[in-house]
**Student:** 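Here you go, one structure.
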Amino acid sequence: METGGPDRGRRLWRDRLVRRRAIAALLAGTAGLAVLGAVLVVLPGVVVDHDLAGASVAAQDRLKAVNDVRTTLLQAVGGMVVLFGAYATWRQLRVSQDGLRATQEGYVTDRFSTAVDQLGSDKLETRIGGLHALWRIAEHSARDREAVISIQAAYLRTHLPWPPAGPEAPATDVPINDVAPLEVRAADAQVALTGLGVLLLQPREQSWVNLSVTDLRRADCDGLWLHEVNLDRSCMEAAGLYHANLTQASLVSVNLRHADLKTAILRRARCVLADLWGARLVETDLRDADFTEADLREANLRKADAGGAVFRHADLRLADLRGSDLSTADLLQARLTGALASEHTRWPVGFDHAAAGVVVTEDPGPEPPPLLQPSGITTQHPPLRSMP
């Protein structure tokens with residue numbers, strides 16, 4: 001029995017269609033050449049006779065006039081051919097660009113899907129590779145940047161919930177000195193956090209990234225851009241936030257005990273009920289930040305700019321305020337017993353710091369620059385201590 005009947009019929013139909021198109025193209029080309037030849041042979045004489053209007057001229061002059069018209073027509077045809085060629089080239093370039101763009105988008109989509117699949121791997125190095133791949137995709141593809149940022153934030157929330165849920169995560173009551181840095185105990189999460197803090201530097205269509213209720217103890221956030229990030233009720237105890245940008249971040253009820261926020265930017269940040277016990281806020285920009293009912297005991301706010309900051313009902317006992325600018329801060333019912341100040345500390349007009357229990361002492365002078373970049377500091381520090 002003969003097989004492949006339908007396929008053979010389709011092939012024959014395609015072959016006939018191709019032949020018909022070829023014959024039609026050949027006929028059209030032949031007709032076009034015939035018309036062009038007629039135009040170049042007949043039309044110049046008609047034009048010259050029309051212009052002469054029956055006047056008698058020498059045959060040599062008439063021939064020269066016909067040749068001039070023919071030359072002009074040839075130049076016009078040549079110009080049209082050039083224009084048509086330029087148009088055809090432009091169209092081909094557009095088609096090539098569209099094809100290249102479609103190929104690139106398909107390639108990015110494949111890379112995106114592969115990277116997302118890698119995040120579910122049981123191998124740490126595979127997950128880290130997937131996070132780096134997403135990071136690179138976001139840097140080169142603005143269309144995928146928001147999706148990558150959302151994936152990184154979701155990765156952190158699901159892998160580092162607070163309170164800790166996994167058996168390998170340090171318990172909530174483990175002393176902070178016994179908690180390994182984030183890059184050691186969860187290297188993939190540190191990569192996701194670093195990538196997030198770098199990508200947020202670039203222009204975005206959306207605002208607010210949700211990192212609330214996340215376990216970021218001893219995380220390395222030095223120099224990261226965390227503008228408009230929601231960190232409510234997260235635990236960032238002893239985290240490194242040196243020179244980080246937390247402008248307009250939401251830090252409600254966040255745990256920032258012993259965190260290093262030196263030279264960080266917390267302008268207009270919401271730090272209501274935040275725990276900043278023993279935090280380092282040296283030369284930090286705190287302008288217009290809200291520290292209502294925040295715990296700032298033993299915090300180091302030397303030379304901090306707190307213009308317009310709100311410290312209502314905040315606990316600033318034993319805090320170091322030497323050289324800080326509190327001239328326009330709201331210190332209504334703030335507790336300042338034992339806080340240190342110097343002659344360079346600026347207070348609100350009419351505020352009696354002595355009656356509030358502030359101790360005036362010698363100013364420490366200029367702050368020394370770090371010997372190493374924050375990421376290169378690997379020395380062991382003595383256990384952190386706080387007053388009972």
**Student:** Indicate yes or no: at least one non-hydrogen side-chain atom of Leu231 is less than 4.5 angstrom from one of Met236.
**Tutor:** yes

**Student:** Show me the pairs that pass ring-ring contact (aromatic ring centres under 6.0 Å, His included) and involve residues 298-341, at least two apart or across chains.
**Tutor:**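 Those involving residues 298-341 are Phe291-Phe311.
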
**Student:** So which heavy atom on Asp325 is nearest to which on Ser327, and how close?
**Tutor:**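 Distance-wise, the nearest heavy atoms are OD1-OG, 2.8 Å.
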
**Student:** Indicate the atoms forming the closest heavy-atom contact of Ser234 with Val254, along with that distance.
**Tutor:**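 Closest pair (atom of Ser234, atom of Val254, distance): O-CG2, 3.1 Å.
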
**Student:** Among residues at least two apart in sequence or on other chains, which ones pass ring-ring contact (aromatic ring centres under 6.0 Å, His included) with His243?
**Tutor:**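 Here no residue qualifies.
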
**Student:** Which hydrophobic side chains are connected to Val282, either touching it within the sub-4.5 Å cutoff or through other members that do?
**Tutor:**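 Taking Ile, Leu, Val, Met, Phe, Trp and Tyr as members, Val282 stands alone, with no cluster partners.
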
**Student:** Strictly by side chain to side chain donor-acceptor pair (under 3.5 Å), give each pair with a member in residues 154-166 just once, sequence neighbours left out.
**Tutor:** Arg127-Tyr155, Tyr155-Asp188

**Student:** Kindly write out the residues that satisfy side chain to side chain donor-acceptor pair (under 3.5 Å) with Glu237, not counting sequence neighbours, or none if the list is empty.
**Tutor:**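 With neighbours one apart ignored, the set is empty.
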
**Student:** Taking atom CZ as the centre, does Arg312 end up with more than 12 heavy-atom neighbours from other residues, nucleotides or ligands that are less than 6.0 angstrom away?
**Tutor:**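 No - once you tally the heavy atoms of other residues, nucleotides and ligands closer than 6.0 Å, there are 12 at most.
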
**Student:** Rounded to the nearest 0.5 Å, how far apart are CG of Leu286 and CZ of Arg267?
**Tutor:** 11.0 Å

**Student:** What residue pairs, at least two apart or across chains, pass ring-ring contact (aromatic ring centres under 6.0 Å, His included) with a residue in residues 328-348?
**Tutor:** Trp347-Phe351, Trp347-His353

**Student:** So, taking the atom named CD in Gln152 and the one named CG in Leu211, what distance separates them when rounded to the nearest 0.5 Å?
**Tutor:**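 Those atoms lie 10.0 Å apart.
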
**Student:** What I'd like to find out is whether the side chain of Leu196 reaches to under 4.5 Å of the side chain of Val229, using heavy atoms alone.
**Tutor:** no

**Student:** Taking the side chain as C-beta and beyond, is there a heavy-atom pair between Thr172 and Pro164 under 4.5 Å?
**Tutor:** yes

**Student:** With Thr126, which residues qualify under side chain to side chain contact (heavy atoms under 4.5 Å, CB included), at least two apart?
**Tutor:**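 By the side chain to side chain contact (heavy atoms under 4.5 Å, CB included) rule, Thr126 matches Gln118, Ser121, Lys123.
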
**Student:** Only counting residues at least two apart or in another chain, list the ones meeting side chain to side chain contact (heavy atoms under 4.5 Å, CB included) with Glu283.
**Tutor:** Lys262, Thr263, Lys303, Glu367

**Student:** Of the non-hydrogen atoms in Asp222 and Leu241, which two are nearest, and what is the gap between them?
**Tutor:** OD1-N, 3.5 Å

**Student:** If we check side chain to side chain donor-acceptor pair (under 3.5 Å) with Arg302, which of these qualifies: Thr345, Asp320, Asp363?
**Tutor:** Asp320

**Student:** Between Arg257 and Asn255, which heavy-atom pair has the shortest distance, and what is it?
**Tutor:** N-OD1, 3.1 Å

**Student:** Please tell me if the side chains of Asp315 and Trp277 come closer than 4.5 Å, counting only heavy atoms from C-beta onward.
**Tutor:**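 Counting from C-beta outward, Asp315 and Trp277 never come under 4.5 Å.
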
**Student:** Indicate the atoms forming the closest heavy-atom contact of Gly338 with Val359, along with that distance.
**Tutor:**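 Closest pair (atom of Gly338, atom of Val359, distance): CA-CG2, 4.3 Å.
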
**Student:** Using a 4.5 Å cut-off on heavy atoms from C-beta on, say whether the side chain of Leu160 contacts that of Leu193.
**Tutor:**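 When only atoms from C-beta onward are counted, Leu160 and Leu193 do not touch, as no gap falls below 4.5 Å.
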
**Student:** Could you give the distance from CD (Glu146) to CG (Leu199), rounded to the nearest 0.5 Å?
**Tutor:** 10.0 Å

**Student:** Under 4.5 Å between side-chain heavy atoms, counting indirect links through other Ile/Leu/Val/Met/Phe/Trp/Tyr residues: same cluster for Leu251 and Val272 or not?
**Tutor:** no

**Student:** Who passes side chain to side chain donor-acceptor pair (under 3.5 Å) against Asp215, sequence neighbours left out?
**Tutor:** Arg217

**Student:** Which pairs, with at least one residue in residues 216-235 and sequence neighbours excluded, count as a ring-ring contact (aromatic ring centres under 6.0 Å, His included)?
**Tutor:**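 Counting only pairs at least two positions apart or across chains, the ring-ring contact (aromatic ring centres under 6.0 Å, His included) contacts touching residues 216-235 are Trp225-His227.
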
**Student:** Do Ile265 and Val209 sit in one hydrophobic cluster, given that two such residues count as connected whenever their side-chain heavy atoms are within less than 4.5 Å of each other, even indirectly?
**Tutor:** no

**Student:** For Thr71, check side chain to side chain contact (heavy atoms under 4.5 Å, CB included) against everything at least two apart and list the hits.
**Tutor:**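 Once residues adjacent in sequence are excluded, the partners of Thr71 under the side chain to side chain contact (heavy atoms under 4.5 Å, CB included) criterion are Gln75.
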
**Student:** How many angstroms lie between atom OG of Ser324 and atom CG of Asn300, to the nearest 0.5 angstrom?
**Tutor:** 10.0 Å

**Student:** For atom CD of Glu343, decide whether the heavy atoms of other residues, nucleotides or ligands shown that lie under 6.0 angstrom number more than 12.
**Tutor:** yes

**Student:** Between Leu134 and Val116, is there a side-chain heavy-atom distance shorter than 4.5 Å?
**Tutor:** yes

**Student:** Would you say that Leu119 contacts Ile151 through its side chain, given a criterion of any heavy-atom pair below 4.5 Å between the two side chains?
**Tutor:**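 Yes - at least one pair of side-chain heavy atoms lies under 4.5 Å apart.
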
**Student:** Okay, side chain of Thr328, backbone of Gly308: is any donor-acceptor separation there less than 3.5 Å?
**Tutor:** yes

**Student:** State yes or no: do Leu246 and Val213 share one hydrophobic cluster built from I, L, V, M, F, W and Y residues joined by side-chain heavy-atom distances below 4.5 Å, directly or via other members?
**Tutor:**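 Different hydrophobic clusters.
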
**Student:** Got a second to check how far Asn210's CG is from Ile149's CD1, nearest 0.5 Å?
**Tutor:** 13.5 Å

**Student:** Please tell me whether Leu340 and Leu336 are part of a single hydrophobic cluster in this structure, the criterion being side-chain heavy atoms less than 4.5 Å apart.
**Tutor:** no

**Student:** Step by step, would you call Arg287 with Asp305 a side-chain contact (heavy atoms from CB on, under 4.5 Å)?
**Tutor:** CA-CA 6 Å; Arg287 286 176 290 175; Asp305 186 353; 3.4 Å; yes

**Student:** Contact between Leu216 and Leu182 at the side-chain level, heavy atoms closer than 4.5 Å - yes or no?
**Tutor:**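 Side-chain contact under 4.5 Å: yes.
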
**Student:** Quick one: closest heavy-atom pair of Leu226 and Ala249, and the distance?
**Tutor:** O-CB, 4.0 Å

**Student:** Going from CG on Asp285 to CG on Leu266, what distance comes out if it is rounded to the nearest 0.5 angstrom?
**Tutor:** 8.0 Å

**Student:** If hydrophobic clusters are built from ILVMFWY residues whose side chains come within less than 4.5 Å, do Leu276 and Val310 share one?
**Tutor:** no

**Student:** Would you check if the side chain of Arg185 reaches a backbone N or O of Ala180 as a donor-acceptor pair within less than 3.5 Å?
**Tutor:**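 Looks like yes, one N/O pair under 3.5 Å.
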
**Student:** For Ser250, which residues count as a side chain to side chain contact (heavy atoms under 4.5 Å, CB included) partner, sequence neighbours excluded?
**Tutor:**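 Result, side chain to side chain contact (heavy atoms under 4.5 Å, CB included) vs Ser250: Trp208, Asn230, Asp232, Val252, Arg270.
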
